Amino acid sequence: MAGGSPRVVTLADPEGFTAHSTADGRALWRVDAADLRRLRGGASPDAYEPEGVHHVGATVLVDFPSALVAFDELTGVPAWCAAGPSEVIPAAPHRFVGLADSEDARWGLFDLADGSLVAELPDRSPTAPVRPQEEEDEAQVRVEGGRATVWRGSSLSVYGLDDGALLFRLDDARPRASGDQEEPYHRSIRAVRTVDGVTVASYEATLPYYLREPGRPGDATDNDGVLAAYDRDGTELWNSAGTGRIAVGDPVVGTSIGSCPSDLGGVFLTQDTARHGSEHTYAVRAEDGTVAWSSSADPDQEERYFSCAVGGAVVDGRLYRPDGGTADAEGHAATRHPLAFERTWAIGDGLLVIGRDDVTFHTPRED
C-alpha cells in the first residue's frame with residue numbers, strides 16, 4: 001500500500017506500483033522495478049522497496065537511497081528527480097516531511113513541487129542540551145492537524161506546514177504535578193497527537209508499579225504514563241498526573257497514547273493496562289482532558305472490548321477498523337468476528353479497504 005488522493009489510489013508491491021482511478025478502479029499506469037532502475041541510471045533493483053512509495057497530494061514519490069523520484073498521479077510521467085530525504089511523511093497538499101540527515105535524525109519540510117528543502121525542523125533550540133538519557137533516542141515526528149511536531153526526550157517543537165514556521169517549543173517539557181509546580185523528574189515523550197489545535201504529549205512512566213491494596217477498585221490507574229495538553233502557544237491546558245478512578249465525564253488519570261488513533265471529532269483514544277492485566281480504552285476530549293466514553297476488557301462485562309491497538313483509519317471524525325468496528329466522539333461499536341479486512345486507509349473523504357482478495361474504495365455515508 002502507498003496511499004492516494006480523491007482521484008487516484010497507488011498500490012505498491014514487490015515488483016513495482018500501480019495507480020488506480022478511485023472512480024472505477026481501473027489501472028491508470030504502472031511503474032516496474034526495472035523502469036525505476038533505468039530512471040536511476042542503473043541502480044540496483046534491490047534499491048526499490050514497496051515501503052518507499054508514497055502518495056502525497058497529486059504526486060507519487062519513490063524513495064531511493066539518497067534520492068527521490070516524483071511522478072504525476074494521473075499520467076505517471078516523471079516530474080522530478082532530486083537528492084532528497086528518506087522516511088517520507090506526507091504533508092499534503094503541497095509539502096512532505098522527511099529526514100534531511102538520516103545519520104543525525106534531522107527532520108526537514110520539503111516542497112512537493114521540486115523536492116527542495118523549505119525548512120529544517122529541529123526538535124529543540126540550538127543551545128538546549130541533550131541529556132544523558134536522551135543520547136540514544138532519535139528525534140521523532142508526527143504530521144497531523146496542519147502541523148509537524150518533532151520531539152526527542154522531553155524536548156518538543158511544533159511547526160506550521162506552509163513555511164515551517166516555529167509555532168511553539170518546549171525544550172524541557174514537564175507536566176505540572178500540582179498547581180504551578182513542575183514534576184521534579186524527567187519523563188521522555190513517547191507519542192504526540194494534534195486534535196483541534198491542541199497538542200497532546202504522552203510521557204513515559206517513571207514511577208514503578210505499586211502492589212494493589214486490598215479492596216482497591218479494579219478501574220484505578222497504576223500511573224503507567226502521563227498525558228499533557230498544550231494550546232497553540234505551548235501553554236499547558238491540563239495533564240493526567242495522579243492516581244485514582246477513571247470515570248466517564250471526569251478528568252482522565254494516567255494512561256498512555258501508544259499507537260491509539262486520534263481526531264475523532266475532538267477526542268483522541270488512550271489506553272491503560274492495570275496491574276493484573278485488565279485493559280481499558282478511553283476516549284478523551286482534547287480541550288479539557290475529560291473522558292467522553294470508555295471500554296474495558298473486563299471478562300464479566302457483556303460488551304466487547306474496544307481495543308485502540310487494533311488501529312484503523314479516521315474519516316471525517318469516525319474511526320473505521322479492519323475488524324469492522326467503528327468509533328467517534330459519542331461512542332463505539334465493536335464486532336465479535338475475526339479481522340474482516342487486512343487494513344483500512346483514509347484517502348481524502350473516502351475509505352480504502354484492503355481485503356484478503358481485493359481492494360475497494362468507499363465514500364462513507366452518514367448513518
Side-chain angles (χ1 to χ4, degrees), residues 3-7 52 54-63 66-73 79-128 130 138-173 189 191-201 229-237 262-263 286 314 346-349:
S5 72
R7 299 185 298 178
H54 313 273
H55 199 136
V56 188
T59 303
V60 179
L61 297 177
V62 184
D63 181 4
S66 74
L68 281 176
V69 181
F71 299 85
D72 179 84
E73 69 166 3
W80 50 264
C81 178
S86 58
E87 305 294 333
V88 169
I89 300 173
H94 307 301
R95 300 284 188 260
F96 65 92
V97 172
L99 281 175
D101 186 330
S102 58
E103 291 187 2
D104 294 334
R106 290 190 297 107
W107 293 94
L109 180 69
F110 295 83
D111 191 345
L112 190 57
D114 57 11
S116 60
L117 178 67
V118 176
E120 291 196 357
L121 309 177
D123 61 273
R124 67 191 67 206
S125 302
T127 58
V130 176
E138 293 186 349
Q140 305 294 313
V141 66
R142 184 175 178 89
V143 176
E144 187 176 40
R147 301 176 176 186
T149 303
V150 187
W151 70 93
R152 179 186 180 191
S154 62
S155 294
L156 179 147
S157 298
V158 180
Y159 299 90
L161 293 180
D162 184 26
D163 56 3
L166 178 67
L167 302 181
F168 74 85
R169 169 175 286 153
L170 303 172
D171 279 330
D172 186 13
I189 299 170
V192 173
R193 299 291 184 268
T194 302
V195 182
D196 289 352
V198 176
T199 299
V200 182
Y230 305 93
D231 67 10
R232 296 178 186 275
D233 64 3
T235 301
E236 185 180 297
L237 296 173
S262 62
D263 203 12
V314 177
I347 296 179
D349 294 329

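Just so you know, these numbers come straight off a predicted model, no measurement behind them.
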Does Pro122 offer a backbone N or O that forms a donor-acceptor pair with the side chain of Tyr159 under 3.5 Å?
yes
Is the shortest side-chain heavy-atom distance between Val130 and Arg152 below 4.5 Å?
yes
Compare every heavy atom of Ala58 with every heavy atom of Arg7, then report the nearest pair and how far apart it is.
NH2-CB, 4.2 Å
Note: Pro90 and Val143 closest approach over all heavy atoms is O-CG1, 3.6 Å
If I compare all heavy atoms of Ala119 with all of Gly164, which pair ends up nearest, and what's the gap?
CB-CA, 4.0 Å
Only residue of Asp114, Asp111, Asp163 satisfying salt bridge (Lys or Arg N to Asp or Glu O under 4.0 Å) with Arg95 is Asp111
Can you label the angle between the Trp80 ring and the Phe96 ring as parallel, tilted or perpendicular, going by 30° and 60°?
parallel
Is the backbone N or O of Leu99 less than 3.5 Å from a side-chain atom of Glu87, with the two atoms forming a donor-acceptor pair by type?
no
Any sub-3.5 Å donor-acceptor pair from Trp107's side-chain atoms to Val97's backbone N or O?
no
As an exercise, state the distance from NE2 of His94 to CG of Leu161, rounded to the nearest 0.5 Å.
11.5 Å
Evaluate the side-chain proximity of His55 to Phe71: yes if any heavy-atom separation is below 4.5 Å, no if none is.
no
Give a yes or no on whether the backbone of Gly197 and the side-chain of Arg147 come within a donor-acceptor separation of less than 3.5 Å.
yes
Nearest non-hydrogen partners of Glu73 and Gly57, listed with the distance
OE1-O, 3.6 Å
Short side-chain donor-acceptor distance under 3.5 Å, Asp123 and Ser155
no
Closer than 3.5 angstrom, by distance alone: can the side chain of Ser125 be matched with the main-chain N or O of Thr127 as a donor-acceptor pair?
no
Here the pair of heavy atoms bringing Ala191 nearest to Trp151 is CA-CZ2, 4.0 Å
Shortest non-hydrogen contact from Ser262 toward Arg142
OG-NH2, 4.0 Å
